[in-house]
Amino acid sequence: MSDVTIARPEPRRPNFWVLMFGSCAAPVFWLGQLMMAYWVSAETCYGGDHPTTAASPEILWTLLLAFDAVAVIAALAGTGVSLACWRAADAGETRSRFMSIWGIFSSLCFLAAIIFESIASISVPICAH
């Protein structure tokens, strides 16, 4: 019998900033979505009978829907990155595994909030005169 040992490749430890992206992408985009919705409604409805003419409500509504789509994609990307980091981490790497699981949890929870806000953006009129 031969004493040849096959060296296994050492598992790569997930980068801290990749783990932070997985944990923080969805909450940051949800916050941005809320601020964008507030800005669009304030820009459209300012003054009640004195609406601003900076941009038409249709353009602002389209901008809001585009940001909603980007927020959903960012939350899904955060989930995917966190899941990939969780699979790549060793069982002994408690920090990487914790941040990965936290990233999956926060991304999925905030994805639900982003979807609900997107439904509100679609179904609720921007400004009821």
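Just so it is clear, the model here is predicted, and its values are computed rather than measured.
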Separation between OG (S107) and CZ (F29), nearest 0.5 Å, reads 11.5 Å

Check whether any side-chain heavy atom of L63 lies under 4.5 Å from a side-chain heavy atom of I59, and answer yes or no.
no

In this structure, CZ of R95 is separated from CZ of F16 (nearest 0.5 Å) by 6.5 Å

Item to complete: Using the rule that two of Ile, Leu, Val, Met, Phe, Trp, Tyr join whenever any of their side-chain heavy atoms come within less than 4.5 Å, decide whether M36 and V70 are in one cluster.
Response: yes

Pair V40, W61 - check side chain to side chain contact (heavy atoms under 4.5 Å, CB included), show working. CA-CA 7 Å; V40 166; W61 186 71; 5.7 Å; no

To the nearest 0.5 Å, atom SG of C24 lies from atom CG of L19 at 10.5 Å

* Asked: Do the side chains of Y38 and L31 join up, straight or via other hydrophobic residues, at under 4.5 Å, putting them in one cluster?
  -> no

Discussion item. Tell me whether I73 shares a hydrophobic cluster with L83, the cluster being built from Ile, Leu, Val, Met, Phe, Trp, Tyr side chains joined at under 4.5 Å.
Written reply: no

Notebook entry, point to check: Among the clusters formed by ILVMFWY side chains lying less than 4.5 Å apart, do F110 and I119 turn up in the same one?
Noted result: yes

Do side-chain atoms of S96 reach the backbone of D90 as a donor and acceptor pair under 3.5 angstrom? no

Paired with E117, the side-chain contact (heavy atoms from CB on, under 4.5 Å) test is passed by just one of L64, L34, I122, V72, namely L34

Between the CG atom in L111 and the CG atom in L76, the distance rounded to the nearest 0.5 Å is 5.0 Å

Separation between CD1 (I114) and CZ (F67), nearest 0.5 Å, reads 8.5 Å

Parallel, tilted or perpendicular: which describes the rings of W102 and F98, with under 30° parallel and over 60° perpendicular?
parallel

The reported gap from CH2 in W30 to OG in S106 (rounded to nearest 0.5 angstrom) is 12.5 Å

